[in-house]
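No hydrogens, no waters, no symmetry mates; every other heavy atom, side chains included, goes into these values.
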Amino acid sequence: MVMRDFFKRYIPEFVYGAVDGTVTTFAVVAASAGAGISSSVILILGIANLIADGFSMGSSAYLAASAEHEESVRDSQKRSSPKIIGAVTFLAFVVVGSVPVLPYLIDVIANLKAPNAVLFYVSSALTAATFLAIGFIKGKVSKQSPWQSAGITLLLGAIAAGLAYFAGDILAAWLGIRI
């Protein structure tokens, strides 16, 4: 019950961090795949994104919550802990956001040398499942339609991923880069 109450209280931060982590990491994967970059480089870019952007998101959430918390203390209303808000945002970003790079991590560690297209399709499927899960959880916790929330989250994630993939493909072609 304690974990459920905690999750319910911090669902906005979880959803924010998880969706942004998944979207931005998959955007790196999609743009890199669109440009034909190798698994090891995609893995490096994905992990660098997770660490830097995750820290940025977590610290920004902390700073925003601190400002709101200070204001609410003056209004004598108790708000959620800014440190927990920052930590939940960061952890959701990094943990859930790592899903798109998992196929590349396995490929590099196991030295599979799987075709880029296969890795990208597996990453896409895992990312789609992740968006569905985030949306479903959000819907359940917020007492909205879990399936509608899952569908909306998947749609928005797919749009972001498509934009990133085609941007990578178009920019690589425009710059004459084929890796």
Side-chain angles (χ1 to χ4, degrees), residues 7 10-11 13-61 86-140 146-147 149-179:
F7 195 67
Y10 293 100
I11 189 70
E13 290 77 23
F14 169 79
V15 170
Y16 182 55
V19 168
D20 198 55
T22 306
V23 166
T24 59
T25 305
F26 189 73
V28 168
V29 167
S32 300
I37 295 175
S38 72
S39 290
S40 56
V41 174
I42 291 173
L43 181 61
I44 291 167
L45 294 173
I47 290 173
N49 172 74
L50 284 167
I51 294 167
D53 204 9
F55 181 79
S56 175
M57 289 275 304
S59 59
S60 295
V88 169
T89 304
F90 173 74
L91 289 172
F93 187 101
V94 172
V95 172
V96 180
S98 67
V99 170
V101 296
L102 289 178
Y104 298 93
L105 177 65
I106 293 167
D107 184 58
V108 169
I109 289 174
N111 200 24
L112 299 174
K113 300 191 186 316
N116 286 341
V118 170
L119 294 171
F120 182 67
Y121 294 138
V122 171
S123 178
S124 297
L126 291 173
T127 300
T130 301
F131 284 134
L132 288 170
I134 294 166
F136 191 85
I137 290 167
K138 177 192 164 287
K140 287 291 258 190
W147 292 111
S149 182
I152 290 168
T153 305
L154 175 62
L155 176 64
L156 294 174
I159 291 170
L163 290 170
Y165 180 87
F166 290 113
D169 188 44
I170 290 167
L171 287 171
W174 181 62
L175 295 171
I177 299 171
R178 278 296 147 202
I179 300 170

If I take atom [atom1] from residue [X] and atom [atom2] from residue [Y], how far apart are they, to the nearest 0.5 angstrom?
{"X": "L45", "Y": "L50", "atom1": "CG", "atom2": "CG", "answer": "11.0 Å"}
{"X": "D20", "Y": "D53", "atom1": "CG", "atom2": "CG", "answer": "6.0 Å"}
{"X": "I11", "Y": "I137", "atom1": "CD1", "atom2": "CD1", "answer": "7.0 Å"}
{"X": "I44", "Y": "S32", "atom1": "CD1", "atom2": "OG", "answer": "11.0 Å"}

Identify every side-chain donor-acceptor pair in residues 126-134 under 3.5 Å, counting partners at least two apart or on other chains, and give the distances.
{"residue": "T127", "atom": "OG1", "partner": "S123", "partner atom": "O", "Å": "2.7"}
{"residue": "T130", "atom": "OG1", "partner": "L126", "partner atom": "O", "Å": "2.7"}

According to side-chain hydrogen bond (donor to acceptor under 3.5 Å, both in side chains), who are the partners of S60, at least two apart in sequence or on a separate chain?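 Result, side-chain hydrogen bond (donor to acceptor under 3.5 Å, both in side chains) vs S60: none returned.
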
Return the set of residues passing side-chain hydrogen bond (donor to acceptor under 3.5 Å, both in side chains) with T153 (not counting sequence neighbours), or none when no residue passes.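 Expected list: none.
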
Ignoring hydrogens, what is the shortest heavy-atom contact between V15 and K138? Give both atom names and the distance.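 Nearest heavy atoms, V15 then K138: CG2-CB, 3.8 Å.
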
What are the two closest non-hydrogen atoms of I42 and A33, and how far apart are they?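 For I42 and A33, the tightest heavy-atom pair comes out as CD1-N, 4.1 Å.
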
Show me the donor-acceptor pairs, under 3.5 Å and distance only, between side chains in residues 93-111 and residues at least two apart or in other chains.
{"residue": "S98", "atom": "OG", "partner": "V95", "partner atom": "O", "Å": "2.7"}
{"residue": "Y104", "atom": "OH", "partner": "F120", "partner atom": "N", "Å": "3.4"}
{"residue": "D107", "atom": "OD1", "partner": "K113", "partner atom": "N", "Å": "2.9"}
{"residue": "D107", "atom": "OD1", "partner": "A114", "partner atom": "N", "Å": "2.8"}
{"residue": "D107", "atom": "OD2", "partner": "S39", "partner atom": "OG", "Å": "2.9"}
{"residue": "N111", "atom": "OD1", "partner": "K113", "partner atom": "NZ", "Å": "3.1"}

Partners of [X] by side-chain contact (heavy atoms from CB on, under 4.5 Å), sequence neighbours excluded?
{"X": "F136", "answer": "K140, P146, W147, A150"}
{"X": "F55", "answer": "S59, F90"}
{"X": "I47", "answer": "L43, I51"}

With distance as the sole test, does S149 use its side chain to make a donor-acceptor pair with the main-chain N or O of G135 at under 3.5 Å?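 Yes.
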
Contacts under 3.5 angstrom, residues 154-163 side chains, donor-acceptor by atom type, not counting sequence neighbours:
none

